[in-house]
Amino acid sequence: MTVDQVGIANLPNQRFKIVSKEGATFTLMVAGESGLGKSTFVNTLFQSTLKTPVDNKARYKRGIHATVEIEVTRAELEERNFKIRLNIIDTPGFGDNVNNKDSWQPIVDFIDDQHDSMMKQEQQPARGDKKDLRVHACLYFIRPTGHSLKPLDIEVMKKLGTRCNLIPIIAKADTLAQKEMNEFKSRIRQVIEAQDIRIYTPPIELDDQASSDHAKSLIESMPFSVIGSGEDEIEVAPGQFVKGRQYPWGIAEVENEDHCDFKKLRSLLLRTNMLDLILSTQELHYESYRTLKLESAETGSKRSRRLHNPKFKEEEEALKKYFTEQVKAEELRFKQWEQNIVTERHRLNKDLEEVQATIKDLEEQVKRIQLGKK
Ligand code: GDP
């Protein structure tokens with residue numbers, strides 16, 4: 001891979017300065033059902049880009065939900081003396097379990113844990129090197145069914161989209177015809193909109209026509225379709241090799257824009273939008289997490305302060321007393337009202353009895369008069 005293809009050094013100067021002091025760390029997560037070609041894709045993406053071969057595999061297991069093992073692979077990218085520490089987070093096994101909730105929870109927990117860990121490190125007085133595994137982009141692989149998103153996809157994508165830069169991917173693009181792919185993409189876009197799923201959108205920079213056109217073309221292509229290939233390249237002409245999958249009818253080429261969006265996605269991740277992904281993770285996702293955590297901690301501590309503060313205790317006692325008195329007074333009023341009704345009913349009954357007696361008297365008088373006439 002040539003220097004220009006990775007493109008970190010092509011980042012606009014001002015932004016370049018922001019990261020160039022310490023180099024940068026970029027953490028990419030792949031998620032989605034197993035067997036969709038996530039590992040293959042990661043290898044294809046970094047095959048010729050990695051300075052060091054994929055190494056340092058670390059398995060991440062979280063206490064309660066250990067149904068999915070999250071695997072962190074570290075590597076390094078270097079270009080014109082500019083280093084990028086790369087963390088690739090693979091989430092194998094997703095969607096295999098009977099209870100699918102348990103299979104995606106560790107992924108969501110992992111993202112939250114990294115934000116949490118950064119918050120804790122920032123609170124430490126000694127500001128040494130921070131361990132930072134915050135996910136800058138999460139590629140969510142969608143099965144190329146040609147129909148629509150599954151309820152499980154919707155559920156997981158919703159959770160991921162509020163926590164990190166979510167980039168939906170259609171896996172194994174070579175299994176759908178162009179027309180089917182276009183229809184599938186448009187149905188997915190409709191569901192994403194209707195379900196309010198937050199996905200990463202490249203910012204459109206109005207003052208730069210070329211980059212704004214590029215951003216628009218990236219947005220229009222979402223969700224990106226990809227093809228992953230094996231390590232061996234295919235010889236298409238003597239001495240000319242391509243990454244792809246060989247079929248009896250021809251080759252599905254990874255880097256052919258008519259076959260899939262691999263090049264667009266690679267450009268977004270490693271060239272044009274890497275810094276935006278890093279910055280928006282800090283400014284949007286991490287800050288939202290932090291604010292939410294601090295707010296809930298404050299509400300919690302306010303409640304506990306109220307419970308333990310003698311002043312609040314007095315106030316609370318006084319309020320309790322006031323309400324008890326109010327309730328008592330109300331009960332008394334109700335009792336009196338009830339009593340009044342009873343007395344009134346007695347009086348009415350008595351009146352009724354008197355009226356009935358008078359009627360009876362009158363009827364007897366009438367009878368007597370009638371008998372006298374006869
Ligand atoms: P993971 O479980 O999502 O990591 O999937 P793997 O990377 O292990 O791939 C599962 C299977 O799908 C393997 O047999 C791959 O060769 C195959 N595969 C990977 N990418 C593609 C692709 O783009 N198209 C096709 N047709 N098969 C692929």
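For ligands, and for the atoms within them, numbers begin at 1 and follow the listed sequence. Computation of the quantities below employed the complete heavy-atom set of this structure, encompassing side-chain atoms and omitting hydrogens, waters and symmetry-equivalent molecules.
Nearest heavy atom pair, residue Gly32 against residue Thr91, reads N-OG1, 4.4 Å.
The shortest N or O to N or O distance between Asp174 and ligand 1 is under 3.5 Å. Between Ala173 and ligand 1, not a single N/O pair is under 3.5 Å apart. Ligand 1 has an N or O atom lying under 3.5 Å from an N or O atom of Lys38, backbone or side chain.
The atoms of ligand 1 that sit less than 4.0 Å from any heavy atom of Thr40 are 6 (P), 7 (O), 9 (O), 15 (C), 19 (C), 20 (N). Those atoms of ligand 1 that come under 4.0 Å of a heavy atom in Ile227, given as number and element, are 23 (O). When each atom of ligand 1 is checked for a heavy atom of Tyr247 under 4.0 Å away, the hits are 26 (N). Listed by number with element, the atoms of ligand 1 under 4.0 Å from a non-hydrogen atom of Ser39 are 4 (O), 7 (O).
With sequence neighbours left out, the ring-ring contact (aromatic ring centres under 6.0 Å, His included) criterion links Phe41 to Phe141, Phe262. With sequence neighbours left out, Phe184 forms a ring-ring contact (aromatic ring centres under 6.0 Å, His included) with no residue at all.
Under the 4.0 Å criterion applied to side-chain N and carboxylate O atoms, Lys328 and Glu325 are not assigned as salt-bridge partners. For the pair Lys179 and Glu183, the salt-bridge criterion is met [side-chain N within less than 4.0 Å of a carboxylate O].
Using a 4.0 Å cutoff on heavy atoms, Phe262 does not count as a contact of ligand 1.
Using bins of under 30°, 30° to 60° and over 60° for the plane-to-plane angle, the ring pair Trp337/Phe334 lands in the tilted bin.
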